[in-house]
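The structure displayed is predicted, hence computed values, not measured ones. Ligands are counted one by one from 1 in listed order, and the atoms in each one are counted from 1 as well.
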Amino acid sequence: MDSESTKLEMFFFPFVGGGHLIPMIDLARLFASHGVKATILAIPNDAVVFHKVINRDKSSGHDIHLHTLQPPPGEQLTTISSVDMSAPPFTDTSILQEPLKQLLLRRRPDCLVTDTFHRWVPDVVDAIGVPRVIFNGNCCFSRVCEDSIKKHEPHLKVGSDSEPFVLEGLPDRIELTRSQLSIFARREIEFPGKSTRAEQNSFAQVINSFYELEPAYVDCFRNVMGNKAYLIGPVSLCNRNVADKAERGQNSAIDEQSCLKWLDSKTPNSVLYVSFGSLVRLKPTQLHEIAYGLESSDYSFILVIGKIMESNEKSDKNWLPDGFKQRMMETQKGLIIKGWAPQLLILEHEAVGGFITHCGWNSTLEGVCAGVPMVTWPLSAEQFYNEKLVTEVLRIGVRVGSLEWASWNMERKEVVGREKVEAAVRRLMGGGETPEMRRRAKELAEKARRAVEEGGSSYNDAVALIEELKTRRKEGLGSAGDSH
Ligand code: UDP
């Protein structure tokens with residue numbers, strides 16, 4: 001480890017909300033484990049969410065800290081609801097500008113790793129001269145798909161929303177339909193803010209992925225798209241003990257012991273884990289179809305019910321069919337978790353043999369790390385691209401047949417019926433392709449584990465970024481405001 005005088009100091013500025021906050025905390029912990037002094041800049045609510053894990057890391061000798069950015073007196077982050085892990089992607093955090101600026105001027109870290117959704121950050125940081133590294137939470141595959149669509153606009157050359165088109169310039173043949181593209185990709189509305197500029201002017205990007213998972217796409221992202229990218233994931237693998245895994249993100253709605261006990265009573269690979277992440281809202285009608293589909297399949301399941309698309313959630317308890325919960329409890333076929341689930345613990349349990357996922361990038365990668373094949377059910381964000389990676393490039397999953405992109409809080413027209421759910425579950429858990437999918441998934445899990453071990457590709461990329469920052473400091477390109 002470096003001496004105090006030469007020790008590198010990195011700041012990490014996560015965005016609010018599950019899918020962006022959780023991996024950034026792991027990222028900071030990962031760099032602290034490499035001997036860097038890591039400081040996480042949090043808003044007050046977030047600091048409460050992960051202070052326990054930071055304290056555990058500290059007591060094991062890591063130089064990791066929390067700094068709470070207090071909004072100016074009289075102002076509040078009223079639109080931020082990170083307490084329930086569901087802050088919308090376009091939440092405006094700009095009232096933190098002044099506290100961030102003052103902190104950077106005072107401390108002058110060697111680098112600020114900032115989430116791409118803090119769209120105002122370049123204006124503050126670049127004037128001070130702190131090297132800025134961007135974290136946007138996605139993999140290279142989806143970034144390459146996005147780029148291809150932007151350049152070639154294939155969706156404008158088809159006759160309808162359901163007519164497939166091929167993405168040009170990709171290493172594999174990937175087809176999508178216009179209905180699966182975001183409103184931003186379809187150019188129906190402009191992507192808010194300055195994210196693209198923020199990425200272009202940043203010193204580098206850190207990506208939560210690993211080279212061996214998507215080598216052709218990493219090469220494309222770096223060499224064709226011209227990004228300086230450090231692949232340092234899967235970051236979730238830095239959670240090594242039960243407490244870290246159980247408390248990740250939020251307190252679970254179920255105590256982890258009873259969850260594990262339920263799983264212990266099941267045979268290996270017999271349980272399906274069903275979750276749609278931290279943000280998206282499903283309608284009760286959709287949840288009913290999922291419930292019926294799961295009930296008529298031959299497999300046990302853990303169903304996580306997160307946010308529900310209802311204006312008054314508390315007064316609407318009909319989000320599951322009549323008697324469903326009771327039947328599942330009596331037969332021990334299903335465990336229903338309403339609220340936050342200890343996802344890493346569940347996925348890693350040997351009883352879990354499949355994952356129905358909305359293909360959020362964190363969940364997808366966590367599924368890869370656990371070596372479980374997936375039923376892909378993309379809904380929003382870049383999830384339709386991730387589905388293609390899982391089902392057609394990695395070939396460790398089957399599609400449920402989701403066709404409609406909608407924003408996380410928009411009511412969607414499409415309801416995927418129970419027959420489709422049941423058919424996808426049967427194909428995943430007991431179909432002819434199941435053994436091969438399982439084998440490939442296990443192989444990828446092993447590669448993921450090796451990537452973050454000493455000498456692995458992600459380990460080496462983390463070291464390379466640290467070395468690069470040290471060089472910049474030596475050459476005076478570091479934090480002293482003279483890089484411009
Ligand atoms: N997560 C969890 N328990 C839950 C729901 C989500 O631990 O009940 C975690 C999950 O492990 C992942 C993150 O929250 O790390 C969700 O991120 P993802 O990118 O998959 O989806 P998003 O929530 O951003 O749509």
Q: Can you list the atoms of ligand 1 that are under 4.0 Å from a heavy atom of Gly19?
A: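 Ligand 1 atoms under the 4.0 Å threshold to Gly19: 17 (O), 24 (O).
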
Q: Is there a heavy atom in His358 that sits closer than 4.0 Å to ligand 1?
A: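 True for this residue.
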
Q: Any carboxylate oxygen within less than 4.0 angstrom of a Lys/Arg side-chain nitrogen, looking at Glu446 and Lys442?
A: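 Judged by the 4.0 Å cut-off on N to carboxylate O distance, Glu446 and Lys442 do not form a salt bridge.
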
Q: Would you call Glu214 and Arg143 a salt bridge, using N to O less than 4.0 angstrom?
A: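 Looking at Arg143 together with Glu214, the answer is no, because their closest N to O distance does not fall below 4.0 Å.
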
Q: Which of the numbered atoms in ligand 1 are under 4.0 angstrom from any heavy atom belonging to Gly360?
A: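 Reading through ligand 1 atom by atom, the close ones are 18 (P), 19 (O), 20 (O), 21 (O).
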
Q: Show me which atoms of ligand 1 lie under 4.0 Å from any heavy atom of Trp361.
A: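 Matching atoms, with element in brackets: 19 (O).
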
Q: At under 4.0 Å between heavy atoms, which part of Asn362 makes contact with ligand 1: side chain, backbone, both or neither?
A: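 Near ligand 1, Asn362 shows its backbone as well as its side chain.
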
Q: I'd like to check Phe50 versus Leu21 (side-chain heavy atoms, cut-off strictly below 4.5 Å). Are they in contact?
A: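 Yes; the side chains approach each other to less than 4.5 Å.
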
Q: Consider every N or O of Ser278 and every N or O of ligand 1, then say whether any pair is closer than 3.5 Å.
A: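 Between Ser278 and ligand 1, an N or O pair is found under 3.5 Å apart.
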
Q: Can you find an N or O of Ala341 that's nearer than 3.5 Å to an N or O of ligand 1?
A: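 Yes, Ala341 has an N/O under 3.5 Å of an N/O on ligand 1.
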
Q: So that I can tick it off, tell me whether Glu330 and Arg327 are bridged by a salt bridge, with the cut-off set at under 4.0 angstrom between side-chain N and carboxylate O.
A: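 No salt bridge links Arg327 with Glu330.
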
Q: Should the pair His288 and Tyr292 be assigned to parallel (<30°), tilted (30 to 60°) or perpendicular (>60°) ring geometry?
A: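 Ring orientation of His288 relative to Tyr292: perpendicular.
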
Q: Just jot down the ligand 1 atoms closer than 4.0 angstrom to any heavy atom of Ser363, in number order.
A: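 Atoms satisfying the 4.0 Å criterion: 18 (P), 20 (O).
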
Q: Answer with yes or no whether Val280 contacts ligand 1, where contact means a heavy atom under 4.0 Å from a ligand atom.
A: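 It does not, in that no heavy atom of Val280 comes within the 4.0 Å cut-off of ligand 1.
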
Q: Ignoring hydrogens, just give me the one of Lys307, His20, Glu366, Glu247 whose non-hydrogen atom is nearest atom 11 (O) of ligand 1.
A: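 The residue whose heavy atom sits nearest atom 11 (O) of ligand 1 is Glu366.
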
Q: Closer than 4.0 angstrom, basic N to acidic O: yes or no for Asp244 and Arg29?
A: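 A salt bridge is present here (some side-chain N lies under 4.0 Å from a carboxylate O).
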
Q: Please report the interatomic distance CG(Leu272) to CG(Leu303), rounded to the nearest 0.5 Å.
A: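 Going from CG on Leu272 over to CG on Leu303, the span is 9.5 Å.
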
Q: Go through ligand 1 atom by atom and flag the ones less than 4.0 Å from a non-hydrogen atom of Gly277.
A: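 Matching atoms, with element in brackets: 23 (O).
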
Q: Please determine if Thr364 has a nitrogen or oxygen closer than 3.5 Å to a nitrogen or oxygen of ligand 1.
A: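 Looking only at distances, the answer is no, because the N/O contact criterion of under 3.5 Å is not met.
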
Q: Any salt bridge linking Glu433 with Arg427? Criterion: basic side-chain nitrogen under 4.0 Å from a carboxylate oxygen.
A: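 Yes, charged N to carboxylate O under 4.0 Å.
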
